[in-house]
Asks: 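Take this structure first; my questions come after.
For the single chain, residues carry numbers from 1 onward in sequence order.
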Amino acid sequence: MNFKFQTNLISAAVLGVLLAGCGGGGSSGTTPVQAPVVSSAPLSQAASVGAAVNFSVQATGSAPLSYQWQRDGVDIAGATSATYTLLNASLDDSNAHFRVQLKNAAGSIVSSDATLKVSGIALYAGSLTESGNVDGNLTSARFAGTTGLSFDAQGNLLVADRYNGAIRKIGKDGKVTTFVGKDQGLSEPIGIALDGAGNLYVSDTNIKKVTPTGAVSLAVTIPFGHARALGAYYPSGVAVDASGNIYAANGLGLRKVTPTGTVSILNGVDVADSLFGVPEVQFWGMTSDRNKNVYFIGDGGIFKTAADGSSKLIINKGARAMAVDASDTLYRVGDGTISKFAVNGSDVIVAGVEGQTTVAQTGVLPGRLGQVNGIAVDDKGFIYFSSGSAVLKIGLP
């Protein structure tokens, strides 16, 4: 009887100790581990070339809480705090997505993406101070008088390298190669245009056709009469519409050549038979949109020629070169400027300073463009232009 009573006393004592260790009364003295929660996600930002960009996140959760920033889903080495700073933003950083992964003992979470947009002007290929004839990586390559630009269906940028007598190709991998040159029959290429089959038309001493394999042939002969016989009236602009009609321009006029060879003069005159008496008009800039409507410079401004052959004046300003983006927005090269022609009829300068046609200046917009000879727009909205012996790239705000 006494033994049983003592056993009950010991059990009660042990239970009391256990309850005391747990805070008594059945309540816990430890705080549960809280998984991380993002309370303020990183924000999308816009910046100019060369700026420092700061991303930050606010989060709750039990310590220790770790951070790992990612760019386009890939961890950024050393970016392991609540903030991340990208130094010296470049156009290559534009459209990049930044996010942060948070972890602790209870789990992990990834924030929403923040997108960076970078605006400004940057050297893309070649050099602003040196010319030459060198293939290689973008800025180690050398050109001699860059003029016409055009993107092919694979996203490669074709460049008319006038004084090297070549068409150069800038691949999506950043490599510059020579597509065709003087050995294949080119002389001084200026304007270039692609048709739907990938054939390249080049305004040279005449209009020449380059197949996707690099075979060169004469496509159209452009007469210019006896005046300026040294070549002042060689063709400068070229475009192709959806029906395969070729549009060729020189300092005298603009002509349309059908696939069967029929020639008609759309603007200006055919040939100059005397040195004087014929006004010289620089029918330089030509381009076409996704539907192969052709835009050209004529007397009085910029005209648009539709598939049915009709033409109408759309801008009462001239241009040295033109390009159309994926949404059929027209970009016009003026005197040291690039402007954007909107649907409502406005023509707004987006880069450059009127009349400033000396050496191009990179950096923040509006920058300085130099003398622009060619222009193209890629599928991401970046503008590329040729100036001197270089190709430059513009990111718009």
Asks: Strictly by salt bridge (charged side-chain N to carboxylate O under 4.0 Å, His left out), give each pair with a member in residues 177-201 just once, sequence neighbours left out.
Replies: Arg162-Glu188
Asks: State whether Arg168 and Asp135 are salt-bridged, where the test is any N-O pair (Lys NZ or Arg NE/NH1/NH2 against Asp/Glu carboxylate O) under 4.0 Å.
Replies: yes
Asks: Not counting sequence neighbours, which residues clear salt bridge (charged side-chain N to carboxylate O under 4.0 Å, His left out) with Asp72? List them please.
Replies: none
Asks: Are any side-chain N or O atoms of Thr258 and backbone N or O atoms of Thr262, one a donor and one an acceptor, separated by less than 3.5 Å?
Replies: yes
Asks: Checking Asp378 now: which residues fulfil salt bridge (charged side-chain N to carboxylate O under 4.0 Å, His left out) with it, not counting sequence neighbours?
Replies: none
Asks: Do side-chain atoms of Ser90 reach the backbone of Asp92 as a donor and acceptor pair under 3.5 angstrom?
Replies: yes
Asks: When you check the side-chain N and O atoms of Gln70 and Arg99, is any donor under 3.5 Å from an acceptor?
Replies: yes
Asks: Please confirm whether the backbone N or O of Ser187 pairs with a side-chain atom of Asp204, one donor and one acceptor, at under 3.5 Å?
Replies: yes
Asks: Tell me the closest heavy-atom pair linking Ser236 and Ile190, and the distance in Å.
Replies: O-CG2, 3.6 Å
Asks: Taking all heavy atoms of Gln34 and all of Asn104, pick out the closest pair and write down the distance.
Replies: O-ND2, 2.7 Å
Asks: Filter on ring-ring contact (aromatic ring centres under 6.0 Å, His included), then keep only pairs touching residues 146-171, sequence neighbours left out; what's left?
Replies: Phe151-Tyr384
Asks: Report yes or no: do Lys175 and Asn137 form a side-chain donor-acceptor pair below 3.5 Å?
Replies: yes
Asks: Are the side chain of Gln184 and the backbone N or O of Gly181 linked by a donor-acceptor pair below 3.5 Å?
Replies: yes
Asks: Please check if atom NZ in Lys169 has more than 12 non-hydrogen atoms from other residues, nucleotides or ligands closer than 6.0 Å.
Replies: yes
Asks: For Val180, does its backbone N or O pair with a side-chain atom of Thr178 as donor and acceptor, under 3.5 Å?
Replies: no
Asks: Mind checking what makes salt bridge (charged side-chain N to carboxylate O under 4.0 Å, His left out) contact with Arg142, not counting sequence neighbours?
Replies: Glu130
Asks: Name each donor-acceptor pair under 3.5 Å that joins a side chain in residues 386-397 to protein atoms two or more places apart or in another chain, with its distance.
Replies:
from: Ser386; atom 1: OG; to: Thr147; atom 2: O; distance (Å): 2.5
from: Ser386; atom 1: OG; to: Gly374; atom 2: N; distance (Å): 2.8
from: Ser387; atom 1: OG; to: Leu369; atom 2: O; distance (Å): 3.1
from: Ser387; atom 1: OG; to: Gln371; atom 2: O; distance (Å): 3.2
from: Ser389; atom 1: OG; to: Phe143; atom 2: O; distance (Å): 3.4
from: Ser389; atom 1: OG; to: Gly145; atom 2: N; distance (Å): 3.1

